[in-house]
There are 4 protein chains.
Amino acid sequence: MKAANKHTKIIHAATKVFAKKGFFNARISDIAKEAKVADGTIYLYFNNKFDILISVFEEEIGALIEQVKKLLSTEDDPRKMIEIFTRNHLSVMKKNKHLAEVIQIELRQSAKLIKDYRNNKFSEYVDIISSIIKLGQERSIYRATIRPGIAKRAFFGALDEISRVWTVGIATDYTVEEATQQILDIFLCGILEPDAPCL
Amino acid sequence: MKAANKHTKIIHAATKVFAKKGFFNARISDIAKEAKVADGTIYLYFNNKFDILISVFEEEIGALIEQVKKLLSTEDDPRKMIEIFTRNHLSVMKKNKHLAEVIQIELRQSAKLIKDYRNNKFSEYVDIISSIIKLGQERSIYRATIRPGIAKRAFFGALDEISRVWTVGIATDYTVEEATQQILDIFLCGILEPDAPCL
Amino acid sequence: MKAANKHTKIIHAATKVFAKKGFFNARISDIAKEAKVADGTIYLYFNNKFDILISVFEEEIGALIEQVKKLLSTEDDPRKMIEIFTRNHLSVMKKNKHLAEVIQIELRQSAKLIKDYRNNKFSEYVDIISSIIKLGQERSIYRATIRPGIAKRAFFGALDEISRVWTVGIATDYTVEEATQQILDIFLCGILEPDAPCL
Amino acid sequence: MKAANKHTKIIHAATKVFAKKGFFNARISDIAKEAKVADGTIYLYFNNKFDILISVFEEEIGALIEQVKKLLSTEDDPRKMIEIFTRNHLSVMKKNKHLAEVIQIELRQSAKLIKDYRNNKFSEYVDIISSIIKLGQERSIYRATIRPGIAKRAFFGALDEISRVWTVGIATDYTVEEATQQILDIFLCGILEPDAPCL
DNA sequence: AATGAATGAGCATTCATTCAT
DNA sequence: TATGAATGAATGCTCATTCAT
């Protein structure tokens, strides 16, 4: 992954280091070394350590949002859209372990770490799920009794926990495809209208 | 909550402090003050700061396991069992915010914090879900294609993310009962055999 | 000078180190080493580096005030009182070089270093001079046209600059007694020949 | 104040910045910004930060010396000469606050800051006072018992401390003229009533 | 068992200085 | 000459842990 400029280079380095050591155990000098810049250089691009973490969230999740939105733009069926979201999320998490770790672990602490920080990008990402559900409800494909605001969390939580297996390195393993099929099997067939066929 | 002895008193104090500040921002002196003991006293009961966190996990989740197992022991229907697990988990998380925070946030970091620590108690807790699913499959109530090892994670992840709303304090709110109904609606009706009736 | 307790021990060590290196070049570890305590110990007694400097001022000048007030209490003649103040100030500054340096150099910067810090003790010390002048004016020994608020500064400034020779280590040297006589001669009688008219 | 060249521009900028923040809190980038040049440009004209401070002393005090020497050249009476020196010093210090701060505060630290630096210009300035006193003694206007080397310090110290009121911004205020009159009154004639005996 | 004063290792951040352009 | 991005050494302060009492 070639870094276009130093800002990006540092973001990628930080993602890697935060993933490996966690935010608190990560040293600025670790990030600097990983990015092959001097410690002080980091402060030309970021205000402080927290700022680096926030930037990692914003930029990495921002890219994820762009990617999945692009994929979704070619599809119209809410069932297929859920499938696309699922497969994309799981495969990115399996491939990009560093990003996965940061989202699964560091993102969770962020509210506690940084006063008044709202993970807007993260909310935006999860809201893609609820928007798909709402679309499906408008077209009578998804049951009207499902509350999108709750279902989006249930669904994201399921994906998140499922994909943790790959980062934590638990023995029990499964492929992205197996996980996708299971998730869809459980979730889709659950929220479908009784007469809407499962995929 | 009256503490039987100093060990328990410290565990409860630590749960509260870790929940409020997070493991890294929590100071031993904070825990000592909360437990109304001297800083040094903590080291008579625990080896180090990590040891306190591990003990919090083991004891608090241990109690949770006891509680839910007791509730489940009076029930035989796998559908009801899933409902009991769900309602219990969500209501404990809503009531005991400190425990909720520690499970949702600190537990996730634990592997990174403490080399070679396996959250055995946590695994035991999540495995209750897969054992219920297996039971349902044996009785042909849950579909045989569902993989319990994946489904347990999907289900726990859903519960976990759903209940995070209460600790993070997001505006969108719902009651334990609403959340329970939605979770069951989505999850149960999804994993049931085609001819097994939803609750 | 035996230190009664750690607080005093650190104050004395800091006076010495600030005198030798100046506030900014003084390292906390220098003070700690000089006081024979650990770096962290200093923070059990002081809030921060500035706080140490302020404490040095307050305590060292406080002691100086006590000392000179005690000496003055036995004297009633405003001429003798000025003499006592002068001789005491000059001899303390010549003997206690560290204190002299801190007063002459670091005290001057203090307003710039520490926002909203008023050297109350220092003002109190200089005000002893104006109170002697006022006493002399009441008794018609000192001229009524002299403004005590200006004269106190002129007098203290003269003493201060005179005594700097000893700390800076300028070649031109004179004894405390010589300096005292000259100061009194100039300040009390002026530098004019008896029959030369003032301007 | 139009700067003839960059060297002078930087000197003036540095005087201002050192006055405002003090030498240690002043950053090279502050001076560069004030002088409207790049940080690196400063190093084309000065060796290091200390060098800038020394240059400030030399050039600003050098100008002060030129100015007062020119004023004194038209006067022959040692009493008038002391008056001219006093009024000039006080009025420059009241007008040029930046220079005043640098002389009153930063100059004092200079020996500690810069190894082996002798403020030659400063000595030259203060020696003007002793040369006036010597002149007065030759003409039997000033008493022969006065030691010019001590009196020059006493006199400069008085002026310095008197003028500090204006830079520090103490409530008690007086005009240049009031201060000049008081200084001359005290120094030339002493503070005693005409018929009160000196000690 | 209990205390809490003392320790000292460890790190985010700053900023004078350099140097490629 | 002039620039300003990059460097990396340097340090105030925190806090987990120890240990004399």
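In this text the structure is predicted, and so the values were computed from the model without any measurement. We name chains A, B, ... by the order of the sequence lines, and we start the count at 1 in each one.
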If the sugar-phosphate is the primed atoms plus P, OP1 and OP2 and the base is the rest, what is the B/S/- string for nucleotides 4-14 of chain E, using protein heavy atoms under 4.0 Å? B-BBB--SSBB
For D:Thr41, all residues meeting side chain to side chain donor-acceptor pair (under 3.5 Å), sequence neighbours excluded: none
Results of side-chain contact (heavy atoms from CB on, under 4.5 Å) for B:Ala19 - residues two or more places apart only: B:His98, B:Glu101, B:Val102
Would you mind reading off the distance between C:Phe46 atom CZ and F:dG12 atom P, rounded to a whole angstrom? 15 Å
Contacts of D:Arg164 that satisfy salt bridge (Lys or Arg N to Asp or Glu O under 4.0 Å) - sequence neighbours left out: D:Glu161
So which pairs with a foot in residues 51-64 of chain B pass salt bridge (Lys or Arg N to Asp or Glu O under 4.0 Å), sequence neighbours left out? none
Would you kindly give the NE2-to-P distance between B:His7 and E:dA2, to the nearest whole Å? 13 Å
Per the 3.5 Å Watson-Crick/G-U criterion and a run length of at least three, the stems involving DNA chain E are E:2-21 with F:2-21
Residue list, salt bridge (Lys or Arg N to Asp or Glu O under 4.0 Å) with A:Lys49, at least two apart or on another chain: none
If we ignore angles and hydrogens, is there a donor and acceptor under 3.5 Å between the side chains of D:Asn120 and D:Ser123? no
Within this structure, what is the CG-to-C1' distance between D:Asp51 and E:dA16, rounded to whole angstrom? 14 Å
Sorted by chain and residue number, the salt bridge (Lys or Arg N to Asp or Glu O under 4.0 Å) partners of B:Asp30 (sequence neighbours excluded) come out as B:Lys21, B:Arg27
C:Glu34 meets the salt bridge (Lys or Arg N to Asp or Glu O under 4.0 Å) criterion, sequence neighbours left out, with C:Lys16
